[in-house]
Amino acid sequence: MLEKTYRPEEVEARQYERWEASGAFSARPEQDLPRYVVMMPPPNVTGNLHIGHALDNTIQDLLIRYHRMRGYDTLWQPGTDHAGIATQMVVERQLAAQGTSRSNLGREQFQEKIWEWKAESGGTIIRQLRRLGASADWPRERFTMDAGLSDAVLKVFVKLYKDGLIYRDKRLVNWDPKLQTAISDLEVQQTEVNGHLWHFKYPIEGEAGRYIVVATTRPETMLGDTGVAVHPDDARYQYLIGKHAVLPLVGRRLPIVADDYADPEAGSGAVKMTPAHDFNDFEVGKRRDLEVINIFDSYARLNDNVPEAYRGLDRYEARERVVADLEAEGLLEKVEDHLHKVPHGDRSNVAIEPWLTDQWYCDAKTLAQPCIEAVEQGKTRIVPKQWENTYFEWMRNIQPWCISRQLWWGHQIPAWYGPDGEIFVEESEEQALAAAEAHYGKATELTRDEDVLDTWFSSGLWPFSTLGWPSEDPTVKRDLALYYPGSVLVTGFDILFFWVARMMMLGVHFMGEVPFRDVAIHGLVRDASGAKMSKSKGNSMDPLEIIDAYGCDAVRYTLLALAVPGRDLKLDPARMEGYRNFCTKLWNAARFCEMNGARLPADYDPAACKQQVNRWIVGKVAEAGRNLDTAMQGYRFDEAASTLYHFTWHLFCDWYIEFAKPLLQEEGEAAEEVRATMGWALKSLLCLLHPLAPFITEELWEKLGYDGEGLLISTQVPDFPESLIDAEAAAEMDWVLRLISEVRTVRAEMNVPPAAKIDLRLREASATTVERLERQKEVIQRLARLSSLDLLADETPQGAVQFVIDEAVGLLPLAEVIDISAEKARLEKEIAKAESEIGKLDKKLSNEQFLAKAPESVVEENKSRRAEEQETRDKLAAALERLEAV
RNA sequence: GGGCGCGUAGCUCAGCGGGAGAGCACUGCCUUCACACGGCAGGGGUCGCUGGUUCAAUCCCAGCCGCGCCCACCA
């Protein structure tokens with residue numbers, strides 16, 4: 001016999017091990033089945049599972065299990081990402097704690113350290129995903145720096161280079177002075193800062209006493225100024241165009257140029273130009289042929305291109321000095337407070353510096369074009385659809401993607417330089433040397449580019465690199481044919497650009513086909529009050545801890561129930577408690593079934609049930625199954641969760657089991673049919689629930705001795721054809737349910753002491769209305785007896801309900817426990833409510849336009865509602881009169 | 001500056017042209033032989049505000065007020 005409560009801690013590890021050992025997680029390429037493929041977003045190899053991973057992977061596991069149980073060959077491709085900057089930072093911090101640094105170790109030793117660190121803590125997150133119940137194809141696990149995936153990176157880089165889609169360029173990049181690397185636009189976060197706007201007077205050359213005023217938020221950059229721009233139509237400055245200003249502190253002649261970029265409305269209308277340290281100024285500088293003078297070193301300290309007094313100063317020290325010196329010279333006109341956005345590195349959290357360097361770029365614009373079309377044509381669907389706009393917006397305005405990083409951890413760029421700077425991009429050093437020999441006519445020594453690629457470059461290949469591309473191996477070719485493109489990519493919107501867009505670009509370019517059919521976007525997990533979870537705020541939830549506390553199924557169910565597509569979810573422990581209770585409820589329902597000998601005969605046919613309750617619950621199971629299918633197709637995991645929750649608790653437990661109790665007391669055919677149907681319903685329910693709550697359902701399946709090797713390993717969900725839904729049984733049962741509720745209410749209000757349990761014995765189902773009415777009468781009679789009320793046998797069912805209520809109310813004065821004045825107040829309130837309802841309906845029904853234009857059915861509905869309300873009102877009024885008479 | 005989204009019961013959120021819903025919380029009764037992580041019954045909402053379209057608006061449209069997010073080169 002089952003225990004009284006479900007104990008997840010005793011079940012989860014055991015069931016998981018059994019699943020994994022069975023091999024049932026694995027794809028079955030050799031079988032001729034429809035395919036369902038999900039590529040797991042690879043977490044950082046050295047990371048820990050956080051709540052966002054838990055959501056993302058629970059959804060994927062739900063989809064995978066759901067499809068696996070419906071006859072698909074499923075591939076859930078797992079793996080991890082080397083996460084360049086993030087991992088390098090972790091190891092660097094460790095080195096710092098040990099009193100050393102990467103520069104002390106040198107490149108090779110440092111890389112060894114990282115590999116050691118990976119070997120040590122690399123498997124953590126994968127193990128943690130197993131705690132979540134993730135049924136991924138673990139033997140296929142990949143790492144972005146595996147040999148195979150690295151081959152893919154090489155091949156892609158070389159091909160794109162040779163196609164002219166990757167190139168080297170000298171331009172301003174987002175330079176992170178702390179991490180000492182370039183970063184892409186996406187890795188830059190704009191942070192609002194309370195700063196100042198300084199207005200400086202630049203003397204006009206040869207016109208003593210005349211100045212042009214420029215404003216800046218970054219005074220230190222003035223040391224690199226090479227011009228001043230004004231708007232061509234700005235009357236105030238016409239006479240200055242073509243003349244020069246003299247840069248204070250430096251003495252450089254600054255051409256005053258006309259350019260549309262200068263906004264006459266902003267500041268003084270004149271703007272200083274620092275082409276080496278500002279993206280806009282760089283563009284203006286190119287147009288107006290201004291000098292580009294770099295004044296910073298890689299740590300954002302002033303270099304030798306500034307007057308000696310400032311050399312070596314940090315940018316912020318320099319700012320103070322420059323302002324002080326200009327003020328001393330009387331050239332500071334004014335200082336205003338100024339709130340503005342300052343770009344910061346998302347990893348380092350220091351202000352990034354636009355800095356002139358040589359970097360590798362990817363021509364994202366060209367790659368993006370077919371991806372825009374692919375989504376427009378519906379080859380890939382983004383769910384919810386509103387995100388398509390965001391995708392289009394970004395893809396249409398995409399900038400060149402800076403793909404080189406000055407790091408040591410990652411895929412080193414396969415580019416070699418000859419002595420004269422000639423670039424050789426090849427898949428190996430040998431090929432590069434060969435190319436160099438061909439180029440120079442003799443063997444020539446080459447130096448390899450030190451930079452590595454942006455992490456997202458290799459993860460952009462994930463949908464096909466994990467399948468073995470570019471290997472020519474027949475197995476790989478087969479897998480690519482079967483498992484590319486994937487069915488759906490599940491992800492939060494935070495990496496829509498970082499990752500999804502890159503996979504689209506690289507997938508379409510190299511495979512000639514989009515990497516996935518659907519992109520299912522979910523929100524971010526926030527705490528109960530809506531704040532972002534973060535360690536520093538102390539509001540983060542460790543998924544493993546909450547799994548320990550509530551059980552994995554409860555955590556999964558909570559996440560799914562909250563997962564409205566594209567919306568953030570606020571995670572409240574109270575919710576998890578609720579779903580933990582749900583698990584217990586399910587467990588106990590199964591326990592009841594077990595205790596009462598619910599069993600499923602081999603020849604059981606749900607469509608052949610005779611009894612009404614059984615026909616009804618069969619239909620409700622089928623309905624739940626069909627609703628689940630609809631929800632899953634629309635990625636409405638919240639609806640999937642709620643439909644099964646409602647069925648389990650409020651239909652199966654609250655009603656069906658209660659109806660079954662009296663029936664089970666009797667021996668014979670009726671009881672047998674209930675046992676069989678109950679067994680069938682429970683078994684079906686376990687099948688339906690398994691993808692959401694895999695552990696408890698599997699455990700029950702095993703404990704109840706259902707067939708096969710278990711839910712995950714060998715069970716297919718049966719079809720639930722619409723024909724199983726018996727509309728007549730459903731309508732009757734709805735009526736019975738309502739009736740029982742009403743009688744219960746009356747009894748509660750009358751304070752009728754609890755008699756025996758409501759005893760419903762619904763006799764064999766019958767098709768004819770006469771018989772149906774007879775049965776209902778019997779139900780009413782029983783209820784009435786139980787309520788100590790006599791009931792006229794020839795009342796019609798609807799009248800009977802009213803009669804029961806009337807009688808109950810009529811008995812009120814006799815029940816001493818009832819407070820008469822309170823009861824009067826209640827009745828008066830009810831009457832007022834009914835009257836207001838009648839008033840509204842009257843108004844509606846006297847509206848000619850309504851009668852003329854509204855559909856007939858709506859009019860009829862309103863009329864009958866009017867009649868019902870009137871009847872209710874009259875009965876209530878009569879009851880009130882009787883009460884007053886007492 | 002541009003874009004997206006949100007304001008529905010005390011809380012968290014579904015719904016979305018024709019009688020306001022769920023979970024939790026709350027109140028009352030019930031330790032009845034699956035379950036007190038339970039059962040039954042109940043209270044609670046001018047569906048942000050103002051206009052418009054419509055026979056009919058929580059739902060569609062416009063404006064406004066609050067809140068959040070994303071993107072953007074404004075000194």
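In what follows, chains carry the letters A, B, and so on, assigned in the order in which the sequence lines appear, proteins first and then strands, with residues in each chain numbered from 1. The model shown is predicted, which means the values in this text are computed figures rather than measured ones.
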Inset, instruction - Can you tell me the pairing partner of B:G5 across any strand shown, Watson-Crick or G-U wobble, with both distances under 3.5 angstrom? - result: B:C67

Inset, instruction - For nucleotides B:A62 and B:G3, find the distance between their P atoms and express it as a whole number of Å. - result: 13 Å

Legend entry - side chain to side chain donor-acceptor pair (under 3.5 Å) assessment of A:T191 paired with A:H344: CA-CA 7 Å; A:T191 314; A:H344 283 71; 3.2 Å; yes

Inset, instruction - Using Watson-Crick or G-U wobble geometry with both distances below 3.5 Å, tell me the partner of B:G38, or none. - result: B:C30

Inset, instruction - Could you check whether A:H199 gets within reach of a base, just the sugar-phosphate, or nothing at all, counting any heavy atom under 4.0 Å? - result: nothing

Inset, instruction - Classify the nucleic acid contact of A:C583 as base, sugar-phosphate or nothing, counting any heavy atom under 4.0 Å across all strands shown. - result: nothing

Inset, instruction - Let me know the distance between NZ of A:K840 and C1' of B:G18, rounded to the nearest Å. - result: 13 Å

Inset, instruction - Just call it for A:A852: base, sugar-phosphate, or nothing, with non-hydrogen atoms closer than 4.0 Å on any strand. - result: nothing

Inset, instruction - Give one of base, sugar-phosphate or nothing for A:H646, where a contact means two heavy atoms less than 4.0 Å apart. - result: nothing

Legend entry - Side-chain-base donor-acceptor pair under 3.5 Å for A:K4 and B:C35: no

Inset, instruction - Could you measure between the two C1' atoms, the one in B:G21 and the one in B:C47, and give it in whole Å? - result: 11 Å

Inset, instruction - Could you tell me whether A:G269 contacts a base, only the sugar-phosphate backbone, or nothing, with contacts defined as non-hydrogen atoms closer than 4.0 Å? - result: base

Inset, instruction - Taking only the side-chain heavy atoms of A:Y261 (C-beta and beyond), determine which of B:A14, B:A75, B:C40 contains the nearest atom. - result: B:A75

Legend entry - Watson-Crick or G-U wobble partner of B:G18, both distances under 3.5 Å: B:C55

Inset, instruction - Confirm from the modelled atom types if A:R575 and B:C24 form a donor-acceptor pair under 3.5 Å, side chain to base only. - result: no

Inset, instruction - For nucleotides B:G48 and B:C6, find the distance between their P atoms and express it as a whole number of Å. - result: 12 Å

Inset, instruction - Name the nucleic acid region contacted by A:Y579, choosing base, sugar-phosphate or nothing; use a 4.0 angstrom heavy-atom cut-off, strictly under. - result: nothing

Inset, instruction - Side chain of A:F497 only, please: which of B:C73, B:C35, B:C71 is the nearest? - result: B:C71

Inset, instruction - Could you tell me whether A:N847 contacts a base, only the sugar-phosphate backbone, or nothing, with contacts defined as non-hydrogen atoms closer than 4.0 Å? - result: sugar-phosphate

Inset, instruction - Start with the C-alpha gap between A:R866 and A:E869, add the side-chain angles, then the distance that decides, and say whether salt bridge (Lys or Arg N to Asp or Glu O under 4.0 Å) holds. - result: CA-CA 5 Å; A:R866 167 72 173 74; A:E869 289 290 345; over 6 Å; no

Legend entry - A:T584 side-chain proximity, nearest of B:C24, B:A75, B:C35: B:C35

Legend entry - Approximate separation, where rounding is to 0.5 Å, of A:E856 CD and A:L851 CG: 9.5 Å

Legend entry - Assigned partner base of B:C73, Watson-Crick or wobble definition, under 3.5 Å: none

Inset, instruction - Could you pick out which residue, A:F493 or A:A262, lies toward the 5' side of RNA chain B when each is mapped onto its nearest nucleotide? - result: A:F493

Inset, instruction - Pick base, sugar-phosphate or nothing for A:W649, based on heavy-atom distances below 4.0 Å to the nucleic acid. - result: sugar-phosphate

Inset, instruction - Using the C1' atom as the reference point in each nucleotide, state the distance between B:C49 and B:G43 in Å, no decimals. - result: 28 Å

Legend entry - Residue A:E869, side-chain atoms from C-beta onward, closest of B:A34, B:G19, B:C74: B:G19

Inset, instruction - Could you give the distance separating B:G52 and B:G42 at their C1' atoms, to the nearest angstrom? - result: 40 Å

Inset, instruction - Determine the contact category for A:T217: base if any of its heavy atoms lies under 4.0 Å from a base atom, sugar-phosphate if only primed atoms, P, OP1 or OP2 are that close, otherwise nothing. - result: sugar-phosphate

Legend entry - Counterpart base for B:C47, defined by Watson-Crick or G-U wobble contacts under 3.5 Å: none

Inset, instruction - Identify the nucleotide, in any strand shown, that forms a Watson-Crick or G-U wobble pair with B:G23, with both distances under 3.5 Å; if there is none, say none. - result: B:C11

Legend entry - Parallel, tilted or perpendicular, as decided by the 30° and 60° cut-offs, for the rings of A:W394 and A:F497: parallel

Legend entry - A:F279 or A:N596, whichever maps to the more 5' nucleotide of RNA chain B: A:N596

Inset, instruction - Would you mind classifying the nucleic acid contact of A:V214 as base, sugar-phosphate or nothing, using non-hydrogen atoms under 4.0 angstrom? - result: nothing

Legend entry - P spacing across the pair B:G10 / B:G44, given as an integer number of angstrom: 11 Å

Inset, instruction - Give A:S642 one of three labels, base, sugar-phosphate or nothing, depending on what nucleic acid heavy atoms sit under 4.0 Å from its own. - result: nothing

Legend entry - Over 12 non-hydrogen atoms of neighbours within 6.0 angstrom of CD in A:E848: no

Inset, instruction - Just call it for A:R218: base, sugar-phosphate, or nothing, with non-hydrogen atoms closer than 4.0 Å on any strand. - result: nothing

Inset, instruction - Have a look at A:R636 and say if it touches a base, only the backbone sugar-phosphate, or nothing, with a 4.0 Å heavy-atom cut-off. - result: sugar-phosphate

Inset, instruction - Quote, to the nearest angstrom, the P distance that separates B:C64 from B:C71. - result: 26 Å

Inset, instruction - Quick one: sort the A:F582 and A:Y557 rings into parallel, tilted or perpendicular, breaks at 30° and 60°. - result: tilted

